[in-house]
Participant: 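Dropping the structure in here first, questions after.
So that the names make sense, note that chain A is the first sequence line, chain B the second, and so on, each numbered from 1.
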Amino acid sequence: KNQVEQSPQSLIILEGKNCTLQCNYTVSPFSNLRWYKQDTGRGPVSLTIMTFSENTKSNGRYTATLDADTKQSSLHITASQLSDSASYICVVSELSGGSYIPTFGRGTSLIVHP
Amino acid sequence: EAQVTQNPRYLITVTGKKLTVTCSQNMNHEYMSWYRQDPGLGLRQIYYSMNVEVTDKGDVPEGYKVSRKEKRNFPLILESPSPNQTSLYFCASSLRGSSYEQYFGPGTRLTVT
């Protein structure tokens with residue numbers, strides 16, 4: 001069964017610091033990997049998407065990397081802000097029978113303290 | 001404004017009383033999906049629809065039904081709700097499939113007593 005494992009489960013950092021979240025997956029055949037940000041009580045919002053041939057993608061202070069060989073991805077947040085406090089979800093899609101099947105990680109809960 | 005709407009946002013009901021959670025999108029998206037989110041388990045897909053009249057089971061379809069009679073609407077039906085269906089439910093849509101960016105609704109918090 002395809003799996004997406006995220007670490008750490010939760011993280012507390014001070015405002016202005018950088019942090020890196022990890023995502024390891026076993027999904028195959030791999031189609032793409034997305035990182036979503038989910039604020040408390042709201043639906044997830046897409047931050048980045050990467051396909052097999054891409055190994056880095058940035059969206060402002062968010063930078064995602066992908067190593068398709070080791071099946072690992074990371075999300076780096078630079079100069080964190082209080083508004084970065086949220087859950088970050090890694091989603092890996094496989095192409096199966098003409099359909100894209102997403103597998104969701106359980107998320108990393110990030111708290112940014114002033 | 002492009003959006004996915006869900007109703008109701010909050011619902012408390014009793015075991016066995018049929019209920020429907022509506023989902024509507026105004027982006028002309030082909031793909032729609034329902035997820036439930038439980039603490040420590042993350043988002044799990046219940047059902048998805050690739051287009052009108054085309055629906056398929058996700059990871060946790062038991063106890064749920066869906067229909068896709070129109071492109072914009074994708075209601076989630078619980079024929080006989082049970083307490084283990086207490087959860088936070090999200091509807092999402094995307095242009096063609098789940099590999100495209102999914103736009104999520106605001107969520108429906110359901111409690112079954």
Side-chain angles (χ1 to χ4, degrees), chain A residues 1-10 21 23-25 27 29-54 57 59 62 64 66 86-109, chain B residues 1-7 9-10 21 23-25 27 29-51 54-61 74 87-110:
Chain A
K1 180 174 170 61
N2 289 327
Q3 289 188 316
V4 176
E5 300 288 342
Q6 292 188 241
S7 62
Q9 188 173 347
S10 61
L21 314 180
C23 173
N24 296 339
Y25 62 92
V27 174
F30 173 87
S31 174
N32 62 61
L33 184 149
R34 279 189 188 275
W35 283 93
Y36 283 86
K37 177 187 179 189
Q38 184 178 20
D39 293 316
T40 301
R42 308 191 72 167
V45 175
S46 180
L47 290 174
T48 65
I49 179 174
M50 287 180 293
T51 59
F52 186 89
S53 59
E54 298 173 298
K57 185 73 69 78
N59 178 0
Y62 301 101
L66 173 65
S87 179
Y88 292 84
I89 302 170
C90 175
V91 184
V92 184
S93 291
E94 65 165 308
L95 180 59
S96 175
S99 297
Y100 292 94
I101 310 297
T103 301
F104 286 76
R106 298 183 180 185
T108 292
S109 176
Chain B
E1 180 190 354
Q3 60 182 347
V4 178
T5 57
Q6 295 178 228
N7 282 293
R9 293 290 313 280
Y10 302 90
V21 184
C23 173
S24 182
Q25 51 93 5
M27 295 170 279
H29 284 170
E30 291 183 357
Y31 179 94
M32 297 186 75
S33 181
W34 275 103
Y35 299 90
R36 61 178 289 173
Q37 187 174 37
D38 302 289
L41 295 180
L43 283 156
R44 293 180 292 169
Q45 190 175 47
I46 303 171
Y47 269 95
Y48 65 95
S49 169
M50 296 297 290
N51 213 324
V54 181
T55 62
D56 211 341
K57 296 178 181 178
D59 294 324
V60 289
F74 190 45
S87 187
L88 179 59
Y89 291 86
F90 287 100
C91 178
S93 74
S94 71
L95 187 60
R96 288 205 182 85
S98 65
S99 66
Y100 288 78
E101 178 178 357
Q102 292 193 61
Y103 294 81
F104 286 80
T108 294
R109 187 166 292 281
L110 171 66

Participant: Would you mind telling me which of A/Gly105, A/Gly43, A/Gly107 has the largest number of heavy-atom pairs within less than 4.5 Å of chain B?
Facilitator: A/Gly43
Participant: Which residue out of B/Gln45, B/Gln6, B/Arg96, B/Gln102 racks up the most heavy-atom pairs below 4.5 Å with chain A?
Facilitator: B/Gln102
Participant: Less than 4.5 Å to any heavy atom of chain B: does that hold for the side chain of A/Arg42, its backbone, both, or neither?
Facilitator: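 Just its backbone gets close to chain B.
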Participant: With a 4.5 Å cut-off on side-chain heavy atoms, are B/Tyr47 and B/Lys57 touching?
Facilitator: yes
Participant: Taking side chain as everything from C-beta outward and backbone as N, CA, C, O, which of these in B/Tyr103 sits under 4.5 Å from a heavy atom of chain A? Side chain, backbone, both or neither.
Facilitator: neither
Participant: Checking B/Gln37 now: which residues fulfil side-chain contact (heavy atoms from CB on, under 4.5 Å) with it, not counting sequence neighbours?
Facilitator: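 With sequence neighbours excluded, B/Gln37 shows a side-chain contact (heavy atoms from CB on, under 4.5 Å) to A/Gln38, A/Ile89, B/Leu43, B/Leu88, B/Phe90, given in chain and number order.
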Participant: Select, from B/Gly40, B/Gly105, B/Gly107, B/Ser33, the one with the greatest count of heavy-atom pairs under 4.5 Å involving chain A.
Facilitator: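 Option with the top pair count is B/Gly40.
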Participant: Under a 4.5 Å heavy-atom cutoff, which of A/Ser93, A/Pro102, A/Ser31 has the most pairs with chain B?
Facilitator: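 Most heavy-atom pairs under 4.5 Å with chain B: A/Pro102.
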Participant: Where does the angle between the aromatic ring planes of A/Phe104 and B/Tyr35 fall among parallel (under 30°), tilted (30 to 60°) and perpendicular (over 60°)?
Facilitator: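 Correct class here is perpendicular.
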Participant: Judged by atom type as modelled, is there a donor-acceptor pair below 3.5 Å linking the side chain of A/Arg34 to the main-chain atoms of A/Ile49?
Facilitator: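 Such a contact is absent between A/Arg34 side chain and A/Ile49 backbone.
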Participant: Measure up the B/Phe104 and A/Tyr36 rings against each other and bin them: parallel (under 30°), tilted (30 to 60°), perpendicular (over 60°).
Facilitator: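 It falls in the perpendicular class, over 60°.
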Participant: Name the region of B/Glu101, side chain, backbone, both or neither, that has any atom closer than 4.5 Å to a heavy atom of chain A.
Facilitator: both
Participant: Just jot down the side-chain contact (heavy atoms from CB on, under 4.5 Å) partners of B/Asp38, sequence neighbours excluded, or say none.
Facilitator: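 B/Asp38: side-chain contact (heavy atoms from CB on, under 4.5 Å) contacts with B/Arg36, B/Leu41, B/Arg44, B/Ser87.
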